[in-house]
Protein chains: 2
Amino acid sequence: MVSETEKKIFEAARSVFMQKGIDGARMQEIADAAGINKAMLHYYFRTKEKLFVAIVAEAFADFFPNMIDIALLDLPIRDKIGAFIDRYLDMVGKNPFLPHFMIHALYRNPELAGEVVANMGHFPKQIIGLIANEMEKGTIPKSSPQHFVLNLVSMLIFPIVGRPIVQLIYFDNDVELYNGILKERKEEILKTILKEQ
Amino acid sequence: MVSETEKKIFEAARSVFMQKGIDGARMQEIADAAGINKAMLHYYFRTKEKLFVAIVAEAFADFFPNMIDIALLDLPIRDKIGAFIDRYLDMVGKNPFLPHFMIHALYRNPELAGEVVANMGHFPKQIIGLIANEMEKGTIPKSSPQHFVLNLVSMLIFPIVGRPIVQLIYFDNDVELYNGILKERKEEILKTILKEQ
DNA sequence: GTCTATATGGCGATAGAC
DNA sequence: GTCTATCGCCATATAGAC
């Protein structure tokens with residue numbers, strides 16, 4: 001049983017930690033966002049770090065199941081990869097801070113690897129196996145399944161996490177222009193990894 | 001004229017800020033790493049923020065000239081892109097924290113965009129122009145030069161900045177295995193963006 | 001469970017002797 | 001220029017009334 005107060009704290013903490021990380025976040029800011037006082041944060045979560053770990057664990061626990069069930073869809077591989085891209089961009093639309101948060105959290109807190117692994121199930125093996133299978137069938141270009149997946153997620157995620165710098169350097173910090181580029185990414189990624197001319 | 005002490009402070013600050021960011025860094029830690037006391041940091045740089053901005057500006061000011069002169073080499077485009085990849089991986093070898101630092105610094109401090117732009121010269125336009133030119137010549141597959149460059153830097157940089165999470169999820173946190181993967185990236189990236197089967 | 005008030009320590013920054 | 005000592009503040013965390 002989870003109280004209303006605990007839920008409000010959790011939502012506020014998610015918002016603040018996602019945007020500022022554990023170092024940049026302030027317990028007072030989380031309390032304000034939750035509409036309660038600082039003492040309640042410690043009553044429910046004891047320490048700032050425990051609260052942060054809970055948010056990280058939730059983020060990863062939500063992420064993998066949300067991505068993996070696409071592998072189960074009965075679709076041609078091109079559509080399946082397209083759905084994978086759509087799903088990711090949809091998650092990012094709902095929470096623009098998620099990609100940077102996941103990367104930065106594990107970058108600065110590698111000791112949280114255990115929390116992450118506990119929540120990812122068979123996600124990686126399923127994805128790699130799926131790709132290897134399609135390569136055998138000849139429906140996608142034969143190469144290393146690991147590199148294929150790495151290429152896919154790189155071209156999908158980097159334009160998001162690197163947005164502030166890429167948008168600035170290559171697109172004069174033009175937000176609308178960059179939004180347009182992002183809309184074109186799906187087709188561009190598919191054409192590139194499937195090596196369509 | 002820059003004193004020895006100032007140099008030592010700068011090197012220590014670079015090391016600490018690169019690894020921990022401005023929020024995670026402590027002036028005391030920088031002073032210890034420099035082998036001097038906290039008061040000297042403020043004597044030379046007045047505030048933590050000014051010191052941080054100086055480090056960010058230096059990082060970007062070093063980066064672009066180091067990457068752009070490859071465009072001037074008289075090489076076939078495949079070799080030129082290969083040299084671009086080599087140069088980047090070489091920089092990362094010397095400073096593994098650089099990619100994440102550059103992205104995170106601008107992510108959390110977008111107001112530093114001005115510092116960055118001031119130091120990047122004509123880097124972006126030169127790169128895009130070079131690619132557009134090669135597409136006209138037909139030496140690389142015709143598409144959008146912007147997406148081509150975005151694909152290239154994505155496949156190059158994401159496996160570095162996302163290393164903690166990618167290595168964990170797809171490679172069981174096996175450091176040696178992941179080092180091997182990174183060594184294969186150059187050929188893999190070239191084959192993918194040039195759409196070689 | 002929820003609040004106010006406070007303990008406790010660490011932070012960036014400065015004063016001032018040398 | 002370099003140091004020690006310290007200021008003033010703000011952070012996390014707790015005590016204790018209700």
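In what follows, chains carry the letters A, B, and so on, assigned in the order in which the sequence lines appear, proteins first and then strands, with residues in each chain numbered from 1.
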**Q** Base, sugar-phosphate, or nothing: which does A/Phe45 touch, judged by heavy atoms less than 4.0 Å apart?
**A** nothing
**Q** Just how far, in rounded Å, is C1' of C/dT14 from CD of B/Gln28?
**A** 15 Å
**Q** Round to the nearest Å and state the distance from A/Met40 atom CE to D/dT12 atom C1'.
**A** 17 Å
**Q** Return a single string for nucleotides 13-18 of chain D, one symbol per nucleotide in 5' to 3' order, where B is base contact, S is sugar-phosphate-only contact and - is none, cutoff 4.0 angstrom on heavy atoms.
**A** BB----
**Q** Mind checking what makes side chain to side chain donor-acceptor pair (under 3.5 Å) contact with A/Thr5, not counting sequence neighbours?
**A** none
**Q** Show me the pairs that pass ring-ring contact (aromatic ring centres under 6.0 Å, His included) and involve residues 122-167 of chain B, at least two apart or across chains.
**A**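 Qualifying pairs: B/Phe64-B/Phe123.
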**Q** At under 4.0 Å between heavy atoms, what does B/Ala31 touch on the DNA or RNA strands: base, sugar-phosphate, or nothing?
**A**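 Nothing, no heavy atom under 4.0 Å.
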**Q** So which pairs with a foot in residues 162-185 of chain B pass salt bridge (charged side-chain N to carboxylate O under 4.0 Å, His left out), sequence neighbours left out?
**A**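 Salt bridge (charged side-chain N to carboxylate O under 4.0 Å, His left out) check on residues 162-185 of chain B returns no pairs.
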**Q** By ring pair (Phe, Tyr, Trp, His ring centres under 6.0 Å), which residues pair with A/Phe171, not counting sequence neighbours?
**A** A/Tyr178
**Q** How would you list, by chain and number, every residue that makes a side-chain contact (heavy atoms from CB on, under 4.5 Å) with B/Asn133, sequence neighbours excluded?
**A**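 Once residues adjacent in sequence are excluded, B/Asn133 has no partner under the side-chain contact (heavy atoms from CB on, under 4.5 Å) criterion.
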**Q** Not counting sequence neighbours, which residues clear ring pair (Phe, Tyr, Trp, His ring centres under 6.0 Å) with A/Phe101? List them please.
**A**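 In terms of ring pair (Phe, Tyr, Trp, His ring centres under 6.0 Å), with neighbours along the sequence ignored, A/Phe101 is linked to no residue.
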**Q** Which parts of residues 12-24 of chain B get close to DNA chain D, meaning a heavy atom less than 4.0 angstrom away?
**A** none
**Q** Think B/Ser3 has a side-chain N or O under 4.0 angstrom from the OP1 or OP2 of D/dG1?
**A** no
**Q** CD of A/Glu29 versus P of D/dT12: gap in Å, rounded?
**A**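 Distance, rounded to whole Å: 10 Å.
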**Q** So with a 6.0 Å cut-off around NZ of A/Lys142, is the heavy-atom count from everything else above 12?
**A** yes
**Q** How would you list, by chain and number, every residue that makes a side chain to side chain donor-acceptor pair (under 3.5 Å) with B/Arg108, sequence neighbours excluded?
**A**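 Applying side chain to side chain donor-acceptor pair (under 3.5 Å) to B/Arg108 gives B/Asp23.
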**Q** Whole Å only: how far is the CG atom of A/Leu41 from the C1' atom of C/dG1?
**A**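 To the nearest whole Å, that distance equals 14 Å.
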**Q** What is the separation between atom OH on B/Tyr44 and atom C1' on C/dT14, rounded to the nearest whole Å?
**A** 17 Å
**Q** D/dT2, OP1 or OP2 - any side-chain N/O from B/Asn37 closer than 4.0 Å?
**A**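 Answer is no, no contact under 4.0 Å.
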**Q** Do A/Glu11 and A/Arg14 meet the salt-bridge criterion of a basic N to acidic O distance under 4.0 Å?
**A**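 No, no charged N to carboxylate O under 4.0 Å.
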